[in-house]
Amino acid sequence: MAKTFYITTPIFYPNAKLHMGHAYAVTLTDILARYHRLNGEETYFLTGSDENTAKILKNLDGKSTETYLEDLSLNFKDLYKKLSISYDQFIRTTDKEKHWPGAIEMWKRLVEAGDIEKKKYTGLYCIGCETFYMEKDLIDNNCPIHKTVPEKVEEENYFFKLSKYTADIKQKIKNGELSIIPEGRKNEILALLGRGLEDVSFSRPKEKVPHGIPVPGDPEQVIYVWCDALVNYISALGYGRNNSPQTPLLQSREGLPETSLVVREVETNSPSELFDKFWPADVHVIGKDILRFHAAIWPAMLLSAGLPLPKNILVHGMITSGGVKMSKSLGNVIDPDELIKEYGSEAVRYYLARHISPFEDGDLTLESFKEVYNAHLANGLGNLVSRILTLSEKYLEKCPDIPEKSDFMEYFKYYENFEINKAVDYVWNEISELDKYIQETEPFKVIKTDEEKGKKLISSMVLRLYRIARMLNPIMPETNVLLKKLIKENKAPEAPLFARK
Ligand code: MSP
């Protein structure tokens with residue numbers, strides 16, 4: 001039986017269009033998913049939207065909540081399609097059939113474990129973060145992330161006994177049972193756990209979020225918001241709906257361009273089969289701002305419910321623009337749609353994969369993008385492809401025999417370590433080596449004096465180019481397919497692969 005691999009993105013708040021920060025998270029996850037498929041693993045890739053939030057209520061603009069959310073989730077999916085994101089399922093937390101049973105089941109388990117308690121509470125609530133803050137955590141009375149004054153809230157809420165699980169989680173993170181990557185983030189969460197965890201509010205009064213999931217047995221309260229959102233990782237696999245009628249779960253990969261390597265599949269697994277097969281998750285990909293929720297609250301919920309913990313949490317940094325975090329509230333967002341329109345989605349994927357480190361903050365400006373595009377895509381890869389394929393079309397009768405397999409051990413190791421940027425460095429290193437080889441051996445001259453030798457040289461270059469095309473599979477899936485096709489047809493591209501800007 002093939003090894004399985006389950007990977008997730010955070011589910012995004014649908015209060016605005018996605019920006020490059022979000023595009024980074026899904027692209028990083030997509031690259032990892034594509035690598036694991038390439039490696040022969042049965043891979044499941046989940047993404048979605050976090051819809052039961054009060055954030056959206058002031059954006060409705062006359063639309064019903066339902067229509068507003070529907071439109072925004074379509075907008076998310078549209079971007080995913082443009083970026084060739086090969087997700088298997090897009091879960092929406094307003095989905096009563098797919099998500100709600102899981103959230104309700106989880107709630108019941110937490111109650112059964114004696115970990116839910118109702119209390120009157122006064123606290124400082126940041127709607128941006130969807131979380132309560134302690135006074136000591138504020139900076140100049142402001143939320144440390146959104147720089148806004150949190151709202152003073154006095155409510156009767158259900159609380160989850162997070163404090164009960166602190167020691168256990170700390171132990172599991174320390175011994176690697178729950179691995180937090182990179183090391184710096186692991187230390188950060190261990191320090192937080194070391195200071196002890198407060199119990200957290202897991203519900204809000206219904207009038208605050210009328211479209212939320214009612215608390216079982218108390219219709220005046222809704223399950224809120226992390227308790228609801230985090231469960232998506234298992235509700236999507238069928239947790240809580242074991243006896244429900246079986247509906248096909250796989251709704252995506254449909255719509256991806258034909259050239260994409262992803263094969264359309266028909267989902268035949270029942271929801272509980274998916275859960276049995278894929279839980280615990282191999283990797284939750286998250287941004288550093290939601291580390292606490294994923295590495296403390298989520299494991300505590302799973303422990304309370306008697307479920308296994310995810311294996312890895314990969315914590316990426318923030319995309320900054322000109323050194324400042326890209327965020328809608330700060331007004332410095334770069335719209336992925338615009339970059340895609342100007343440069344194409346493969347270039348966007350390339351930039352995110354190579355020029356942003358998966359472990360640290362990374363900067364992106366329109367200027368840096370253009371520079372990198374011209375240097376590495378128009379000149380680097382694009383140029384190399386034209387040079388080699390022009391020669392081969394002219395001097396070879398057909399494409400040389402392509403070996404069925406190549407050795408990618410060294411290259412694949414980077415993916416296993418989540419070092420996506422280094423994986424791309426590795427490919428571009430091969431590109432420049434091949435470039436150098438052309439310059440040194442001058443096949444365009446040799447072919448005129450010694451045809452046999454010239455042909456041999458060109459053939460070897462075509463084969464090296466094919467190897468490069470293969471390696472591009474997880475990073476630039478469209479280029480991977482196109483390049484392999486051109487090589488096999490022994491044809492130079494009619495127009496440059498990446499036109500100079
Ligand atoms: N809905 C919650 C997540 C629930 S997961 C069970 C949420 N949504 S969000 O839309 O605000 O953010 C989703 C992800 O986008 C987070 O991982 C966050 O780190 C990431 N990013 C938001 N801005 C970002 C950048 N500027 N750069 C990189 N990632 C960024 O939090």
Side-chain angles (χ1 to χ4, degrees), residues 7-29 46-56 59 69 72-73 75-76 79-80 85 90-94 99 102-103 106 126-131 143 145-146 185 200 202 209 212 223-236 281 283-299 301-302 310 313-336 348 351-353 355-365:
I7 188 163
T8 66
T9 70
I11 48 173
F12 301 98
Y13 287 129
N15 60 326
K17 277 182 74 179
L18 299 179
H19 59 62
M20 283 305 284
H22 306 121
Y24 179 66
V26 287
T27 304
L28 174 63
T29 311
L46 177 73
T47 185
S49 56
D50 189 356
E51 305 188 345
N52 299 320
T53 157
K55 272 175 193 284
I56 59 149
N59 296 359
L69 290 171
L72 229 75
S73 67
N75 177 275
F76 286 11
L79 176 66
Y80 288 2
I85 304 300
F90 186 101
I91 184 88
R92 299 177 55 191
T93 55
T94 48
H99 176 68
M106 172 61 83
C126 171
I127 191 162
C129 299
E130 293 287 16
T131 192
C143 156
I145 292 173
H146 292 88
R185 298 288 163 218
V200 290
F202 260 19
V209 203
I223 302 177
Y224 205 68
V225 56
W226 286 94
C227 170
D228 164 17
L230 289 160
V231 176
N232 90 87
Y233 300 132
I234 53 176
S235 66
V283 188
H284 289 317
V285 176
I286 60 162
K288 65 180 184 183
D289 54 335
I290 55 173
L291 173 63
R292 182 166 64 97
F293 304 104
H294 284 79
I297 299 180
W298 180 226
M301 289 166 68
L302 291 165
I313 299 182
L314 172 62
V315 192
H316 63 78
M318 292 293 120
I319 296 213
T320 57
S321 194
V324 181
K325 180 193 164 187
M326 193 178 287
S327 99
K328 191 172 174 251
S329 50
L330 297 171
N332 64 343
V333 296
I334 294 182
D335 182 351
V348 173
Y351 190 99
L352 294 176
H355 297 278
I356 306 286
S357 146
F359 309 135
E360 288 154 35
D361 290 355
D363 206 60
L364 166 62
T365 60

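Ligands are counted one by one from 1 in listed order, and the atoms in each one are counted from 1 as well.
- Proximity annotation for atom 16 (C) of ligand 1: of Thr320, Val225, Ile290, Ile290 comes nearest, heavy atoms only.
- Residue contacts with ligand 1, taken as heavy atom pairs separated by less than 4.0 Å, involve His19 solely via side-chain atoms from C-beta onward.
- Each of the following atoms of ligand 1 lies closer than 4.0 Å to a heavy atom of Pro10: 5 (S), 14 (C), 17 (O).
- Distance alone, capped at 3.5 Å, places no donor-acceptor pair between the Asn52 side chain and the Val225 backbone.
- Of the N or O atoms in Lys288, none lie within a sub-3.5 Å distance of an N or O in ligand 1.
- Although no hydrogens or angles enter the test, the distance criterion places no donor-acceptor pair under 3.5 Å between the side chain of Trp226 and the main chain of Trp298.
- Taking His99 as the reference, nothing meets the ring-ring contact (aromatic ring centres under 6.0 Å, His included) condition, with sequence neighbours excluded.
- The shortest N or O to N or O distance between Tyr13 and ligand 1 is below 3.5 Å.
- In this structure a side-chain-to-backbone donor-acceptor pair under 3.5 Å is present from Thr93 to Glu51.
- Ligand 1 places these atoms under 4.0 Å from at least one heavy atom of Gly287: 17 (O), 19 (O).
- Of all atoms in ligand 1, numbered sequentially from 1 with element shown, those under 4.0 Å from a heavy atom of Gly317 are 28 (C).
- For residues 9-22, every residue pair satisfying the salt bridge (Lys or Arg N to Asp or Glu O under 4.0 Å) rule, not counting sequence neighbours, is listed here: Lys17-Asp335, Lys17-Asp337.
- Under a 3.5 Å cut-off, the side chain of Tyr24 and the backbone N or O of Gly317 do not form any donor-acceptor pair.
- Counting the atoms of ligand 1 from 1 in the order shown, those under 4.0 Å from a heavy atom of Asp50 are 1 (N), 2 (C), 4 (C).
- Asp50 places no side-chain N or O within donor-acceptor distance of the main-chain N or O of Tyr13, the cut-off being under 3.5 Å.
- Here the heavy atom of the protein found nearest to atom 30 (C) of ligand 1 is Met318 SD, 3.7 Å.
- Residue Ala229 places no N or O, backbone or side chain, under 3.5 Å from any N or O of ligand 1.
- Using modelled atom types, no side-chain atom of Thr365 and backbone atom of Ser321 make a donor-acceptor pair closer than 3.5 Å.
- A donor-acceptor pair is defined here as one N or O able to donate and one able to accept, closer than 3.5 Å; no such pair exists between the side chain of Asp228 and the backbone of Gly212.
- Residue contacts with ligand 1 include Tyr233, since one or more of its heavy atoms lies under 4.0 Å from the ligand.
- Closest approach of Thr9 to Ala25, counting heavy atoms only: CG2-O, 4.4 Å.
- When only interatomic distances are considered, the shortest N/O to N/O separation between Ile286 and ligand 1 does not fall below 3.5 Å.
- At the top of the distance list for atom 14 (C) of ligand 1, counting protein heavy atoms only, stands Phe12 CE2, 3.6 Å.
- Less than 4.0 angstrom separates some heavy atom of Trp226 from each of these atoms of ligand 1: 2 (C), 3 (C), 4 (C).
- The nearest protein atom to atom 15 (O) of ligand 1, hydrogens excluded, is given as His22 CD2, 3.3 Å; this is a heavy-atom distance.
- Thr320 places a side-chain N or O within 3.5 Å of a backbone atom of Gly362 that can act as its donor or acceptor partner.
- Electrostatic pairing of Lys288 and Asp361 counts as a salt bridge here, judged by a charged N lying under 4.0 Å from a carboxylate O.
- The N/O atoms of Tyr24, backbone and side chain alike, include none that comes under 3.5 Å of an N/O atom in ligand 1.
- Here is the list of ligand 1 atoms found below 4.0 Å of a heavy atom in His316: 28 (C), 29 (N).
- Atoms of ligand 1 found under 4.0 Å from any heavy atom of His294, numbered from 1 in the order shown, are 5 (S), 6 (C).
- Among the atoms of Ile11, some N or O lies under 3.5 angstrom from an N or O of ligand 1.
- The option from Asp361, Ile319, Thr53 that lies nearest to atom 27 (N) of ligand 1, judged by heavy atoms, is Ile319.
- The structure places CG of Leu72 at 8.5 Å from CG of Asn59, a figure rounded to the nearest 0.5 Å.
- Proximity to Asn232 (heavy-atom distance under 4.0 Å) selects the following atoms of ligand 1: 6 (C).
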